[in-house]
Structures are given as C-alpha cells and as structure tokens.
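Numbers restart at 1 for each chain; the letters A, B, ... are given by sequence-line order, proteins then strands. Keep in mind that what you see is a predicted model, and the values were worked out from it rather than measured.
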Protein chains: 2
Amino acid sequence: MCKHQAIDVAVLLGSLPQFSALSPAELATLAAGATHIFATRGQMLVRQGDLCQGMFIVLDGQVKLAFISSQGHEKVIQVVRPGQVFCEAMLFVDQPYAFFSQALCDLALVHLTKSCMLEVMAGNPGLMRHFLAGVASGYHRLLIEHKTIRLYSATERTVRYLFAELASSGRLCDGAVIDLDVAKGLIASQLNLTQEHFSRVLRELHQLGTIVLKGRRVVIPEMSALAACLSGQPLTGGVWTKLPAM
Amino acid sequence: MCKHQAIDVAVLLGSLPQFSALSPAELATLAAGATHIFATRGQMLVRQGDLCQGMFIVLDGQVKLAFISSQGHEKVIQVVRPGQVFCEAMLFVDQPYAFFSQALCDLALVHLTKSCMLEVMAGNPGLMRHFLAGVASGYHRLLIEHKTIRLYSATERTVRYLFAELASSGRLCDGAVIDLDVAKGLIASQLNLTQEHFSRVLRELHQLGTIVLKGRRVVIPEMSALAACLSGQPLTGGVWTKLPAM
DNA sequence: CGGGTCATTGATCTAGGTCAACTGGCGTGG
DNA sequence: CCACGCCAGTTGACCTAGATCAATGACCCG
C-alpha cells in the first residue's frame with residue numbers, strides 16, 4: 001500500500017464537504033493522523049476480523065465492502081464511490097470488522113485515525129451531530145436493503161435496484177438510460193443473487209420488453225411498465241392473506 | 001393507547017442509565033415531551049410509513065420490530081426487551097419508518113419526543129456521544145444479522161442463535177440451559193425461517209443429541225458438539241474454493 | 001369443556017443455486 | 001495484423017434448501 005504523508009492533507013481535508021466547517025486548528029489535528037493512500041486494484045483496505053484503526057474517505061475510484069464465508073462465498077454489501085465515507089460507524093464500536101473492503105480499481109483515499117477523529121469530535125458537537133446523522137442514515141439504508149432481500153423475489157429486487165439507480169441519477173422519465181458502472185456480478189451479489197440468476201432475470205425483463213439491454217447499458221422505455229413489476233401496487237383486494245403470528 | 005402524563009416522569013427518566021448523568025434542567029426539558037405509555041398486547045406503537053415523532057424506552061414487556069410485504073408476509077427484525085431503546089436511530093433520519101413495532105404483551109414504556117431529544121442533545125455532547133455509540137452498535141448488530149442470514153444455512157443460523165443466547169446469559173459451560181422467552185415462530189422469523197422449518201431443524205439437532213429439547217427449554221449437553229455445527233472451524237485446507245468475482 | 005395460541009409433522013412444490021460449457025470483446029505480444 | 005488468452009457475461013441442465021399447504025397435537029386459561 002503506497003502511503004503519502006502529503007504536505008497538503010490539511011488543505012485536502014478542508015476541501016471535503018464533511019470537514020469544510022472545521023477551524024484551522026481542528027483541521028491540523030485531523031491532518032496529523034491523516035494518510036493519503038493510493039491503492040491498486042484488488043488491494044485489501046480492511047480485513048474481516050481486524051480492529052478499527054480509523055475511517056476512510058474515497059477520493060477517486062470504487063471500494064467494495066463485502067463479507068466472505070469460510071467456504072469462500074463472497075457477498076457484497078456496498079460499493080463505495082468518490083465522496084463517500086466508509087468504516088465511520090466502526091469508530092464507535094469496539095468490535096472486529098464483520099466485513100472486508102477491497103479496491104475495485106486503482107484508487108485514491110484518505111485515512112483518518114480513530115483517535116484524531118474522536119478528539120476533534122469531542123470538541124465539536126456540530127461535527128459529531130453530522131456523523132450521528134451519517135451513521136443513522138447508514139443504518140436506515142442497511143435496514144432497507146435487509147428488508148428488500150428478505151421480502152422480495154429476485155425479479156423484484158432487480159427492478160428495485162434499477163429504480164434506485166434511476167433515482168440517484170435523477171432521471172425518472174420514460175426512455176431513461178442507466179449505465180451500470182460496476183460488473184454485473186457485483187450487482188448480483190448486492191442483490192443476494194448469483195451472477196447467473198441475475199443474468200436470467202435481466203434477460204426475462206428484456207424479453208418482456210420492460211427494459212432494453214445492451215451490455216451494461218439498460219434503457220427503460222416506459223417507467224410504468226417497470227413499476228408494474230413491483231408488488232407494492234397490485235392491491236388486489238388489499239386484505240392480507242396471512243396474518244402475523246405475533 | 002393509554003397515555004399517562006405522569007407527575008414523576010422526570011424522576012423515572014433520571015433513574016434510567018441512559019439519562020442518569022443529566023442535570024435536573026435537562027431532565028425537565030426531556031420530561032416536558034415525555035409520555036408514559038401503557039400498551040396492550042397486539043397494539044401498534046409505530047407503523048410502517050409513519051414519520052418519526054420520537055423514540056421509545058421499554059420499561060416492561062417485549063416489543064416486536066418487523067416489516068411486512070404487500071402479500072402479508074411478516075419478517076421480524078428484533079425483539080426489544082426492558083431497558084432497551086428503539087427508534088432512536090430514526091430521530092436523525094428524515095425518512096418514513098421502514099418497519100412497524102407492536103406490543104408482544106401488555107407493556108410499559110416511555111416515549112420521548114424528537115424535538116426534546118434533539119434539544120437536550122444539542123447542549124450535551126456526552127449524551128450525543130452516548131447515542132452515537134448506541135446507533136453505531138445497532139448498525140453493527142444489524143450488519144452481523146444480515147451477514148448471518150446471507151451466509152449460513154438454516155441449521156447454522158439456529159446454532160448461532162443458541163450461542164448468542166448463551167453468551168447473553170453468560171452461561172457457556174456444558175449442560176447450559178436456555179429458556180426461550182418468546183414464541184418459536186418469532187425466533188424462526190428473526191432467523192429468516194418459517195416456523196415449520198425451524199421446528200424441523202431443532203428436531204434434527206435433538207435427534208443428533210446435540211441439544212435436548214423440551215418445549216421452550218433447550219439444554220446443551222456439551223458445547224463442543226454444538227460448536228461442531230458451525231462452519232467456522234473446519235478449515236480443511238484453508239484454500240477458498242471459489243474466488244471473488246472482484 | 002371449548003376455543004385461543006403455539007407447535008409439530010407430513011407431502012409437495014419451487015425459487016434460486018450449482019456446475020459446466022460456451023461466447024464475445026479487448027488488450028497484448030509476436 | 002492475427003493469434004492468444006483473459007475476463008465478463010450468457011446459456012443450459014440439473015439439484016436442493018427451504019417454503020407452502022394442510023392436518024393434527026399440546027397446552028392453557030376462562
């Protein structure tokens with residue numbers, strides 16, 4: 001792992017939205033424990049079982065968070081993109097990492113040590129509040145993903161993923177185009193599917209005319225057709241077939 | 001829902017570990033927005049889709065957090081027990097609830113409004129830090145449960161559940177006894193299993209002699225036999241059979 | 001004693017996984 | 001410029017973990 005204790009780390013940190021409101025003194029404290037990291041594709045950034053030393057901010061490239069069973073089955077939790085942070089919740093939990101993170105391509109990031117982060121946060125309630133909101137929304141995101149995996153079928157999870165991609169790109173009109181920026185196998189794993197099954201689901205949607213598929217480009221001719229694949233709407237009757245066991 | 005704006009809410013709050021360090025003025029602020037709630041079995045405390053109005057502390061009884069699909073399939077996330085808090089992460093996320101919560105029996109709890117909580121926290125970094133740690137460890141717990149569901153088989157999830165129960169009761173010796181304090185159907189749902197399948201798994205373990213089952217009482221004659229059901233140990237060779245797709 | 005709730009058991013079904021072969025770019029090196 | 005190999009993706013044949021459906025049993029408690 002190539003680490004630069006670059007001279008301009010304080011400047012770099014100040015330019016990040018997370019830290020733009022910090023005083024020069026606070027930035028200096030953070031910078032003292034900060035490392036500018038350039039990692040190569042495939043490199044491990046944190047290992048399952050390690051204790052948290054600090055948090056990461058992705059400047060450029062993509063990072064995969066995943067866990068792996070003893071049989072080698074790997075399941076992706078999330079792909080972290082530039083501007084996003086990871087391992088920040090672990091600053092506050094004295095437990096070994098339940099996942100690992102790996103560079104999906106050559107990338108640039110900043111590592112901030114736990115102690116510096118905690119020190120600055122202790123003197124800056126605004127920053128702490130910011131992190132609290134971040135961790136809480138991370139919790140909420142994970143909860144929703146957990147729910148999606150437990151409640152919905154492969155096709156529905158796939159369609160929900162497409163909608164999430166559309167929403168994040170802001171284009172929710174008919175004829176919208178999605179260019180997948182990661183390998184399909186990774187997306188499949190995030191949806192708790194095998195690559196093979198994911199491929200079949202996409203083909204089925206393509207054959208139905210719901211989507212138009214060409215490599216990693218997905219075109220949605222009409223939103224309503226895609227939305228019809230979701231079980232949210234077909235409120236036929238509306239009476240729940242099976243009531244909770246309590 | 002029977003709500004008492006009891007006179008002694010401030011005293012009650014002060015006696016809770018979460019708030020024992022608060023000043024009288026802070027307790028008064030919290031108490032101003034606090035409600036002492038007595039709910040009856042089956043009653044909904046928060047509904048899927050609602051916006052968060054505040055958080056709850058369970059004084060007595062059990063609360064189920066779960067979500068439900070449009071077909072009525074219910075999946076339990078967690079059972080909250082006395083002394084525990086729920087919905088606290090939602091104070092910091094402006095999103096509708098992705099789950100609902102329901103009283104599993106008649107119960108007593110305290111509801112604290114969002115605005116009061118945020119106000120007191122803004123002036124008390126120690127409390128905020130406490131909540132940050134709480135939300136972060138909730139995140140970690142959910143992550144581990146998510147991982148368990150995605151990586152392990154029904155039998156292994158069941159065994160892991162038993163170990164978690166043992167760990168929380170502190171008795172990890174041979175001959176340990178677990179008395180399940182909730183319906184088996186609820187445990188099954190937390191493990192993402194049907195009640196039927198869970199029953200079969202338990203019976204299988206019983207027939208193997210790994211556990212002794214009598215109603216809701218589970219006896220573990222020897223820990224090592226139970227541990228042998230986990231795939232963590234059999235590091236045969238150690239080479240992963242299937243390498244990550246990256 | 002009768003009606004809840006909770007749990008067990010059997011018979012059958014299916015979504016999705018596994019294994020294996022194949023395709024179609026795309027960069028690399030001769 | 002072509003041959004080669006590599007990697008991402010596709011397709012087909014088959015299998016299995018766990019769900020579903022349906023019936024029955026075991027308590028409790030009023």
Side-chain angles (χ1 to χ4, degrees), chain A residues 41-42 64 69 71-76 104-105 148-158 179-207 213-218 229 231 240-246, chain B residues 41-42 62 64 69 71-76 79 102-106 148-158 179-207 211 213-218 229 231 240-246:
Chain A
R41 176 187 157 93
K64 174 181 76 178
S69 75
Q71 294 91 339
H73 296 146
E74 176 185 300
K75 303 281 184 170
V76 176
L104 284 176
C105 53
T148 304
I149 284 176
R150 289 180 65 180
L151 283 182
Y152 306 113
S153 71
T155 306
E156 198 161 340
R157 296 202 295 269
T158 303
D179 280 304
L180 305 174
D181 64 347
V182 290
K184 287 186 182 169
L186 283 182
I187 298 172
S189 179
Q190 279 184 81
L191 299 174
N192 209 28
L193 288 174
T194 56
Q195 175 163 329
E196 295 93 319
H197 196 38
F198 182 56
S199 173
R200 281 184 250 267
V201 168
L202 285 177
R203 183 162 58 101
E204 189 200 358
L205 289 172
H206 178 85
Q207 284 174 347
L213 193 59
K214 176 106 183 271
R216 285 194 189 170
R217 170 161 291 187
V218 183
C229 298
S231 69
W240 290 329
T241 54
K242 192 178 191 177
L243 276 172
M246 274 268 304
Chain B
R41 177 188 156 89
Q62 294 170 335
K64 175 182 77 181
S69 75
Q71 295 91 338
H73 297 146
E74 177 186 300
K75 304 280 184 171
V76 177
V79 174
Q102 190 181 27
L104 284 176
C105 53
D106 291 356
T148 304
I149 285 176
R150 289 180 66 180
L151 284 183
Y152 306 113
S153 72
T155 305
E156 197 161 341
R157 296 201 296 268
T158 302
D179 281 302
L180 305 174
D181 65 347
V182 291
K184 286 185 182 170
L186 283 182
I187 298 172
S189 181
Q190 280 183 79
L191 300 174
N192 208 29
L193 289 173
T194 56
Q195 174 162 329
E196 295 94 319
H197 195 40
F198 182 55
S199 174
R200 281 185 250 267
V201 168
L202 286 178
R203 184 161 59 101
E204 191 199 357
L205 289 172
H206 178 85
Q207 284 175 345
I211 65 173
L213 193 60
K214 177 108 183 270
R216 284 193 190 172
R217 169 159 293 186
V218 184
C229 298
S231 68
W240 290 330
T241 55
K242 193 177 189 176
L243 277 172
M246 274 267 301

Length of the [atom1]-[atom2] vector between [X] and [N], whole Å:
{"X": "A/Arg200", "N": "D/dG12", "atom1": "CZ", "atom2": "P", "answer": "9 Å"}
{"X": "A/Asp181", "N": "D/dA8", "atom1": "CG", "atom2": "P", "answer": "15 Å"}
{"X": "A/His197", "N": "C/dT14", "atom1": "NE2", "atom2": "C1'", "answer": "11 Å"}
{"X": "B/Leu191", "N": "D/dA17", "atom1": "CG", "atom2": "C1'", "answer": "15 Å"}
{"X": "B/His73", "N": "D/dG18", "atom1": "NE2", "atom2": "P", "answer": "18 Å"}
{"X": "B/Leu186", "N": "C/dC6", "atom1": "CG", "atom2": "C1'", "answer": "11 Å"}
{"X": "B/Gln71", "N": "C/dA15", "atom1": "CD", "atom2": "C1'", "answer": "14 Å"}
{"X": "B/Asn192", "N": "D/dA17", "atom1": "CG", "atom2": "P", "answer": "17 Å"}

Please tell me if A/Arg216 has a side-chain N or O lying less than 4.0 Å from either OP1 or OP2 of D/dG9. yes

Backbone N/O of [Y] and side chain of [X]: donor-acceptor pair under 3.5 Å:
{"X": "A/Glu156", "Y": "A/Ser231", "answer": "yes"}
{"X": "B/Lys184", "Y": "B/Glu196", "answer": "no"}
{"X": "B/Ser199", "Y": "B/Gln195", "answer": "no"}
{"X": "A/Ser189", "Y": "A/Val76", "answer": "yes"}

Could you please name the option among [options] that lies closest to any side-chain atom of [X]?
{"X": "B/Thr194", "options": "C/dT18, D/dT20, C/dG16", "answer": "D/dT20"}
{"X": "A/Glu196", "options": "D/dG18, D/dA22, D/dT11", "answer": "D/dT11"}
{"X": "B/Leu193", "options": "D/dA22, D/dA19, D/dG9", "answer": "D/dA19"}
{"X": "B/Gln195", "options": "C/dT18, D/dT10, C/dA7", "answer": "C/dA7"}
{"X": "B/Arg41", "options": "C/dG16, C/dT18, C/dC6", "answer": "C/dC6"}
{"X": "A/Arg157", "options": "C/dG16, D/dT20, C/dT18", "answer": "C/dG16"}
{"X": "B/Ala154", "options": "D/dG9, D/dG18, C/dG16", "answer": "D/dG18"}

What contact category does B/Arg203 fall into here, base, sugar-phosphate, or nothing, at under 4.0 angstrom with non-hydrogen atoms? sugar-phosphate

Steps toward side-chain contact (heavy atoms from CB on, under 4.5 Å) verdict (B/Val218, B/Leu205): CA-CA 11 Å; B/Val218 184; B/Leu205 289 172; over 6 Å; no

